[in-house]
Amino acid sequence: MTKHPHLLFGRFRFSLDPAHPPLVMGILNLTPDSFSDGGKFPTLDSAISHAEQMMAEGVDIIDIGGESSRPGALPLSDEEELERVMPVLYALRDCGKPLSVDTCKPLVMREAIAAGADMINDINGFRAEGALAAVSDSEVALCIMHMLGEPRSMQHHPQYEDVVTELTQYFKARVAECSLAGIAQRRLCIDPGFGFGKTLPQNLALLQNLRHFQQALGLPVLAGLSRKTMIGALTGKPVEGRLAGSLAAALVAAEQGARIIRVHDVAETVDALKVWQAARQLHSSGE
Ligand code: YH5
């Protein structure tokens with residue numbers, strides 16, 4: 001039997017056997033822009049019940065995010081982000097599912113790791129001063145995302161000579177930095193960052209080349225397409241009508257070999273991936 005490598009994921013290990021379907025990462029959003037139900041922020045109770053719902057729906061990884069990275073969003077202070085993220089992290093610490101924390105801030109990374117996070121998901125690719133040092137002395141997984149510029153300005157005329165080549169170079173440089181910081185390759189995954197400083201044609205070029213990134217870097221790819229503006233641009237639907245488009249995008253990413261798919265709609269994505277997985281398996285009977 002072929003031995004496939006594993007992704008080291010804090011307290012967990014994930015097989016990278018290509019015969020396995022991708023893992024579903026469920027988004028647990030703690031930012032005010034997702035809560036218009038009177039309160040300005042989600043309560044701890046509502047965050048925990050959302051996480052429990054995702055677990056009942058078959059989520060593999062819970063991604064806890066306190067900072068809004070929508071285009072135009074302003075940065076939070078360290079203290080504000082810690083106040084949002086840490087209570088949820090403590091409450092979910094022993095829920096049995098791997099926990100990812102979506103942050104760019106070295107202080108939040110350190111606190112999250114001390115509290116038991118299994119992955120740090122950084123939309124800024126650990127480029128902040130002190131970010132790699134904050135994660136190096138641990139076993140957490142790192143999701144290295146690509147973003148052009150910063151959230152405030154990233155959608156102002158993003159330009160690339162060739163988007164696939166430039167991202168490949170970016171990932172190679174970031175992986176080299178990780179290596180210099182003493183971070184093992186088996187802790188890394190890469191993410192092209194759909195919508196983070198990309199036009200629709202650039203996003204589509206990235207989606208068609210996920211397998212290229214995986215092969216060029218030899219690392220698992222994470223893809224986050226759920227409800228994004230590119231789905232809206234392709235379907236003409238507002239954010240609440242983007243489920244079907246998001247499922248189609250998730251299946252394309254799976255077909256391109258993505259190992260982790262980051263989504264809002266866990267139950268629907270799990271079902272779609274079950275059908276995809278059954279249909280791609282080789283069956284001995286042709287019936
Ligand atoms: C990602 O792709 N994205 S936060 C705008 C939307 C819908 C969704 C206008 N964190 C990613 O999800 N981390 C975010 O509609 C991420 N990869 C990784 N690794 C943005 C987001 C969203 C933005």
Side-chain angles (χ1 to χ4, degrees), residues 7 9 22-36 60-76 81 84-85 98-105 108-109 112 117-127 131 135 140-148 150-152 154-155 167 170-171 174 188-200 202-203 206-207 210 213 219-243 245-247 249-250 252-253 258-266 269:
L7 174 61
F9 211 93
L23 299 162
V24 174
M25 170 185 265
I27 301 168
L28 187 59
N29 202 338
L30 308 178
T31 62
D33 46 33
S34 59
F35 284 81
S36 46
D60 297 302
I61 302 163
I62 298 174
D63 188 40
I64 304 167
E67 176 162 65
S68 176
S69 41
R70 296 198 174 205
L74 292 171
L76 273 184
E81 196 174 324
R84 284 193 209 172
V85 170
L99 303 175
S100 159
V101 174
D102 191 338
T103 186
C104 304
K105 297 191 175 71
V108 177
M109 294 175 188
D118 300 291
M119 168 184 250
I120 302 293
N121 171 25
D122 184 354
I123 62 165
N124 196 34
F126 301 87
R127 287 179 293 171
V135 298
V140 296
L142 281 67
C143 176
I144 304 174
M145 204 192 80
H146 174 271
M147 169 168 60
L148 186 70
E150 50 189 52
R152 202 152 30 151
M154 65 190 177
Q155 288 305 102
L167 264 68
Y170 166 83
F171 290 131
R174 296 314 300 148
L188 306 181
C189 67
I190 52 173
D191 178 344
F194 291 100
F196 286 87
K198 286 104 188 176
T199 62
L200 177 59
Q202 289 161 356
N203 282 315
L206 295 173
L207 182 54
L210 292 182
F213 292 118
L219 292 174
V221 170
L222 187 154
L225 294 138
S226 184
R227 299 186 190 171
K228 284 195 173 168
T229 305
M230 66 180 281
I231 307 294
L234 293 168
T235 58
K237 297 285 172 67
V239 67
E240 62 276 11
R242 295 179 189 167
L243 173 57
S246 299
L247 294 175
V252 175
R259 303 312 305 154
I260 304 176
I261 316 246
R262 182 178 178 277
V263 303
H264 300 85
D265 303 289
V266 172
T269 307

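As the structure lists them, so they are numbered: ligands from 1, and atoms in each ligand from 1. For clarity, every value in this text was computed on a predicted model and none was experimentally measured.
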Find all atoms of ligand 1 within a distance of less than 4.0 Å from any non-hydrogen atom belonging to [X], and give their numbers and elements.
{"X": "L222", "answer": "19 (N)"}
{"X": "C143", "answer": "19 (N)"}
{"X": "I123", "answer": "10 (N), 13 (N), 16 (C)"}
{"X": "R227", "answer": "6 (C), 7 (C), 15 (O)"}
{"X": "T229", "answer": "9 (C)"}

Going by distance only, is there an N or O of [X] that falls short of 3.5 Å from an N or O of ligand 1?
{"X": "D63", "result": "no"}
{"X": "K228", "result": "yes"}
{"X": "S226", "result": "no"}

Please work out whether any backbone atom (N, CA, C, O) or any side-chain heavy atom from C-beta onward of L225 is under 4.0 Å from ligand 1, and answer side chain, backbone, both or neither.
neither
Between A223 and ligand 1, which residue portion shows a heavy-atom distance shorter than 4.0 Å: side chain, backbone, both, or neither?
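A223 to ligand 1: no contact under 4.0 Å from either part.
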Which atom names give the shortest non-hydrogen contact between C143 and M119, and what distance separates them?
CB-CE, 3.7 Å
Can you tell me how far the CG atom of L225 sits from the CD1 atom of I231, to the nearest 0.5 Å?
5.5 Å
From E67 atom CD to K105 atom NZ, the distance as rounded to the nearest 0.5 Å:
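Output value for this atom pair is 3.5 Å.
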Give a yes or no on whether K228 atom NZ has more than 12 heavy-atom contacts from other residues, nucleotides or ligands under 6.0 Å away.
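For K228, atom NZ is crowded (more than 12 foreign heavy atoms under 6.0 Å).
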Can you confirm whether L247 sits close enough to T269 that some side-chain heavy atom of one is under 4.5 Å from a side-chain heavy atom of the other?
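Yes; the side chains approach each other to less than 4.5 Å.
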How far apart are the C-alpha atoms of L207 and V252, what are their side-chain angles, what is the distance that settles it, and do they pass the side-chain contact (heavy atoms from CB on, under 4.5 Å) test?
CA-CA 8 Å; L207 182 54; V252 175; 3.8 Å; yes
Does H264 offer a backbone N or O that forms a donor-acceptor pair with the side chain of S226 under 3.5 Å?
yes
